[in-house]
K.L.:
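Here it is, the structure in full.
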Amino acid sequence: MDLSEFVKNKRKAVALTQPELASKAGVGLRFVRDLEQGKPTLRMDKVNQVLRLFGYELGAVEIKQDHHV
């Protein structure tokens, strides 16, 4: 599941509309729509504003590789 599906599923699970989610998170409706449609470039701070409503946030995750820089 990608981030857009995750947010959409969480929003629907708590019975919020996109405008209600935008209002509660303090972001614009367009941002919520872009987020749920999988726009590849979004501001991380705004994504975290939305995710915090559900008890989550974005962060650095180690990628398992054979070598590091």
Side-chain angles (χ1 to χ4, degrees):
M1 176 182 315
D2 63 18
L3 182 62
S4 60
E5 291 175 286
F6 179 82
V7 170
K8 186 182 241 180
N9 289 343
K10 289 291 185 184
R11 175 178 62 79
K12 288 183 175 188
V14 295
L16 288 175
T17 64
Q18 286 182 333
E20 289 168 338
L21 177 59
S23 177
K24 286 184 177 290
V27 298
L29 176 56
R30 181 178 193 109
F31 181 82
V32 170
R33 288 181 175 153
D34 286 347
L35 177 56
E36 288 192 2
Q37 290 171 3
K39 182 178 177 188
T41 56
L42 294 167
R43 285 185 39 186
M44 186 186 253
D45 60 330
K46 287 188 172 193
V47 172
N48 277 331
Q49 280 179 246
V50 173
L51 290 178
R52 282 188 196 109
L53 290 177
F54 306 117
Y56 294 85
E57 73 175 15
L58 289 178
V61 178
E62 183 179 358
I63 299 172
K64 302 293 181 196
Q65 297 179 359
D66 292 334
H67 57 84
H68 295 277
V69 176

K.L.:
Let me have the donor-acceptor pairs involving side chains of residues 47-60, under 3.5 Å, with sequence neighbours excluded, atom names and distances please.
P.N.:
| residue | atom | partner | partner atom | Å |
| --- | --- | --- | --- | --- |
| Asn48 | OD1 | Leu58 | N | 2.4 |
| Gln49 | NE2 | Ala25 | O | 2.9 |
| Gln49 | NE2 | Gly26 | O | 3.4 |

K.L.:
Where is the tightest heavy-atom contact between Lys46 and Phe31, given as atom of each residue plus distance?
P.N.:
CB-CZ, 3.4 Å

K.L.:
Might you point out which heavy atoms bring Gly38 and Ser4 nearest each other, and give the distance in Å?
P.N.:
N-CB, 3.6 Å

K.L.:
Would you give the length of the straight line joining atom NZ of Lys8 to atom CG of Asp2, rounded to the nearest 0.5 angstrom?
P.N.:
10.5 Å

K.L.:
For residues 12-22, tabulate all N or O donor-acceptor pairs below 3.5 Å that involve a side-chain atom, not counting sequence neighbours.
P.N.:
| residue | atom | partner | partner atom | Å |
| --- | --- | --- | --- | --- |
| Thr17 | OG1 | Glu20 | N | 3.1 |
| Thr17 | OG1 | Glu20 | OE1 | 3.3 |
| Gln18 | OE1 | Arg33 | NE | 3.4 |
| Gln18 | NE2 | Glu36 | OE1 | 2.8 |
| Glu20 | OE1 | Thr17 | N | 2.8 |

